[in-house]
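To start, the structure under review is shown below, and the notes come after it.
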Amino acid sequence: MQDSKVGLSFVTFDMEYHDKCLYDYLQVFDGPDDKSPSLGRFCGKTSPKDLKGNSNKLTIRFVADESINKPGFSLNFVSGKKCHE
């Protein structure tokens with residue numbers, strides 16, 4: 001399945017909010033590393049919409065500081081044709 005694509009669907013999302021997501025955030029890249037195009041940087045309580053990659057690789061960066069504790073996030077990983085229907 002070399003040409004399969006991947007996607008992410010968020011079940012829950014509750015992280016510290018900042019208008020520029022500087023302290024706690026989740027950033028998703030469309031490719032094998034953090035030099036790949038960004039699909040977004042997310043924080044706060046609103047779950048991101050489903051994210052769909054253009055290849056079979058996504059990179060997820062989760063950053064948290066020590067100042068405020070929130071529940072975090074839960075996500076589903078989808079691979080193959082199903083994530084792009």
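As the structure is a computational prediction, the values presented were derived from the model and not from experiment. Sequence positions, counted from 1, serve as the residue numbers for this chain.
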Salt bridge present between Arg61 and Asp34 (N-O < 4.0 angstrom): yes

Co-membership, hydrophobic cluster, residues Tyr25 and Leu75, 4.5 Å side-chain: no

Kindly compute the distance separating CG (Leu39) from CD (Gln27), expressed to the nearest 0.5 Å. 9.5 Å

By the ring pair (Phe, Tyr, Trp, His ring centres under 6.0 Å) test, which pairs, at least two apart or in different chains, include something from residues 29-64? Phe62-Phe73

Please answer whether the main-chain N or O of Asp65 pairs with a side-chain N or O of Asp24 as donor and acceptor at a distance below 3.5 Å. yes

If you round to the nearest 0.5 Å, how far is OG1 of Thr59 from CG of Asp33? 6.0 Å

For residues Leu26 and Leu58: do they belong to one hydrophobic cluster (side chain heavy atoms under 4.5 Å, members Ile, Leu, Val, Met, Phe, Trp, Tyr)? yes

Indicate every side-chain donor-acceptor pair of residues 9-22 with a distance under 3.5 Å to a residue at least two apart or in another chain.
unit_1: Ser9; atom_1: OG; unit_2: Asp50; atom_2: OD1; d: 3.3
unit_1: Thr12; atom_1: OG1; unit_2: Ser74; atom_2: N; d: 3.4
unit_1: His18; atom_1: ND1; unit_2: Lys20; atom_2: N; d: 3.0

